[in-house]
2 protein chains.
Amino acid sequence: MSWTIATFNVNSVRSRLPVLERWLNNSKVDVLCLQETKARDEDFPLQAFVDMGYFVAFRGQKSYNGVAIASLEEPDEIVYGFDDGKEPVFDTRALSVRFGDIWVMNTYVPQGKSIDHDDYMVKQEFLRRTQTTISDRISDGKRVLWVGDMNVAPEEKDVANPKNKAKHVCFHRDIRDLFGTVCQGLVDVFRSHRPEEGEFSFWDYRVKNALDRNIGWRIDHILASPDLAKLSSDSWIYRDPRGWEKPSDHTPVLASFDL
Amino acid sequence: MSWTIATFNVNSVRSRLPVLERWLNNSKVDVLCLQETKARDEDFPLQAFVDMGYFVAFRGQKSYNGVAIASLEEPDEIVYGFDDGKEPVFDTRALSVRFGDIWVMNTYVPQGKSIDHDDYMVKQEFLRRTQTTISDRISDGKRVLWVGDMNVAPEEKDVANPKNKAKHVCFHRDIRDLFGTVCQGLVDVFRSHRPEEGEFSFWDYRVKNALDRNIGWRIDHILASPDLAKLSSDSWIYRDPRGWEKPSDHTPVLASFDL
DNA sequence: GCAAATCGCG
DNA sequence: CGCGATTTGC
């Protein structure tokens, strides 16, 4: 059976409902991980997801952050934030659901602002904690999918102009190295199917005709433990929604598995 | 030939385009006077009016005020504000167009805030200057239509609760008397056709279910010099748009004439 | 360039 | 309540 997961930074789940409905009413997406929902839990448009046939776990705050996982099947377990006993919990930036022996972790990794900003340290700490969480789950005999807006472009071909991005918090050597470390033992499912350049999932609103000129970033990722990765049949970026009415600045990244 | 004029406080002409298009693409309105357009001239949605077949004269500012007159026929003359040589000109609150020997004056009379506020004095001065303008034009042998948001409910039946409105700047004895004076020699065209109570053109957004409960005001008026008034075939309030999506807090008032 | 929040206003 | 303007964030 073909099982599809998607990650999509929506930049406000309420503003993006028309885009989400247009997409999901015409596609089978089994698990949908959203970032930047920008809605308090009491403001989350739960009914819209229920109407599309989804269960949905979500945790948000006003204005910033916020994550959700919508799924056609009800998850067996939900973890808000990191359950490693440390502070802060980051419950509006990390959310995990378990289906049987598969953990799906959805993260909105802090952007980091600039390499000399405190937030950049927070970003690194956040990544280290994802690594711990993934390791713990693998040690526990589980299979793992880690998806989300990672705010890291792993390779030169993952940004439009790598030359002038050396000091960018999403492309600095240090953050790419750290991200590489966290990804040790995981497979970049998208890249394993699509090795070519020019594949982006985010185009800044402020860059003129960014989509047409394809000046973007690949910072939204789908990573899998090897046992799952070898069951993956395809992975692709669904570019269309970035060109629809009132788009997010990101577009969905998907992967299918033969489970 | 039946000739129809309408007055409509749009509360932002840009926000009200869907309402205006829904209305005007299904009705013949020869002259449409708008108030509270809330758009600088460079921001006025001229093309939308051109697409509906209108000429349009407009003068606005950001955030507040702003008037426009759209007409199927091109006017012979346009006057922005008051042309009596006095200051202030009030060019974003008063606008006149002439078709042959008929002057159409469109005003957004200042609300006045409170009876002890300077703006209430400005309101009175504004009304006195409309009186002068109308008198001058009649003396000049012209026929006159004065329409707009007058911010005066002339009679008890023109407000939902006259008892507790005695000190309201739109219903105080003094402002009604002054408005009555300005209207000397003119006919309240709407009232001449519709004498019954409960006829309102404005329902405050802040009053819960104001439209259903009909808690409103009749402060938008169509007044005509007697020569024109006797040619009027009907006058009515078009209530529907107040119930449409994203409505103004006002609704159009119309009058038809056999010219 | 978008989105949300806050604010002044009626 | 719902406009526009302003500010902040990415």
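Chain identifiers are assigned alphabetically (A, B, ...) following the order of the sequence lines, protein sequences preceding nucleic acid strands; residue numbering begins at 1 within each chain.
- The NZ-P distance, from B:Lys113 to C:dG8, rounds to 13 Å in whole Å.
- Atom pair B:Lys38:NZ and C:dC9:P shows a separation of 12 Å (rounding to whole Å applied).
- Look at CG on B:Asn65: it is 19 Å from P on C:dG8, rounded to the nearest Å.
- With sequence neighbours excluded, the residues satisfying salt bridge (Lys or Arg N to Asp or Glu O under 4.0 Å) with A:Asp119 are A:Lys113.
- Here B:Pro247 lies in heavy-atom contact (under 4.0 Å) with sugar-phosphate atoms only.
- Contact check, A:Lys62 against C:dA3: no side-chain N or O comes under 4.0 Å of OP1 or OP2.
- Following rounding to the nearest Å, A:Lys246 (NZ) and C:dG1 (P) show an atom-to-atom distance of 14 Å.
- For B:Ser63 and C:dG8, the shortest distance from a side-chain N or O to OP1 or OP2 is not below 4.0 Å.
- To the nearest angstrom, C1' of C:dG1 lies 14 Å from CD of A:Glu36.
- In this structure, B:Trp217 has no side chain to side chain donor-acceptor pair (under 3.5 Å) partners at least two apart in sequence or on a different chain.
- Comment: B:Lys62 does not engage B:Asp41 in a salt bridge, judged by the lack of any side-chain N to carboxylate O separation of less than 4.0 angstrom.
- Not counting sequence neighbours, the partners of A:Trp146 by the ring pair (Phe, Tyr, Trp, His ring centres under 6.0 Å) test are A:Phe179.
- The side chain to side chain donor-acceptor pair (under 3.5 Å) test applied to B:Ser27 returns no partner, not counting sequence neighbours.
- Considering only residues two or more places apart in sequence or on other chains, B:Lys86 meets the side chain to side chain contact (heavy atoms under 4.5 Å, CB included) condition with B:Asp84, B:Arg129.
- In terms of position on DNA chain C, the residue among A:Val13 and B:Gln111 whose nearest nucleotide sits closer to the 5' end is A:Val13.
- Residues that satisfy the ring pair (Phe, Tyr, Trp, His ring centres under 6.0 Å) test with B:Phe171, not counting sequence neighbours, are absent from this structure.
- B:His172 meets the ring pair (Phe, Tyr, Trp, His ring centres under 6.0 Å) test with no other residue; sequence neighbours excluded.
- Note on ring orientation: taking the six-membered ring where Trp is involved, the planes of A:His250 and A:Phe202 are tilted (angle from 30° to 60°).
- Counting to the nearest Å, the C1' atom of C:dC9 and the CD atom of B:Gln61 are 13 Å from each other.
- Taken residue by residue, residues 119-126 of chain B places no heavy atom nearer than 4.0 Å to DNA chain C.
- Atom OH in A:Tyr64 sits roughly 9 Å away from atom P in C:dA5 (whole-Å rounding).
- Nucleotide C:dG1 holds its C1' atom 20 Å from the CH2 atom of A:Trp244, rounded to whole Å.
- Contact annotation for B:Arg16: backbone-only contact, meaning every heavy-atom pair under 4.0 Å involves sugar-phosphate atoms and none involves a base.
- Bracketed by its first and final contacts, the part of DNA chain D lying under 4.0 Å from non-hydrogen atoms of chain A reaches from D:dG9 to D:dC10 in 5' to 3' order.
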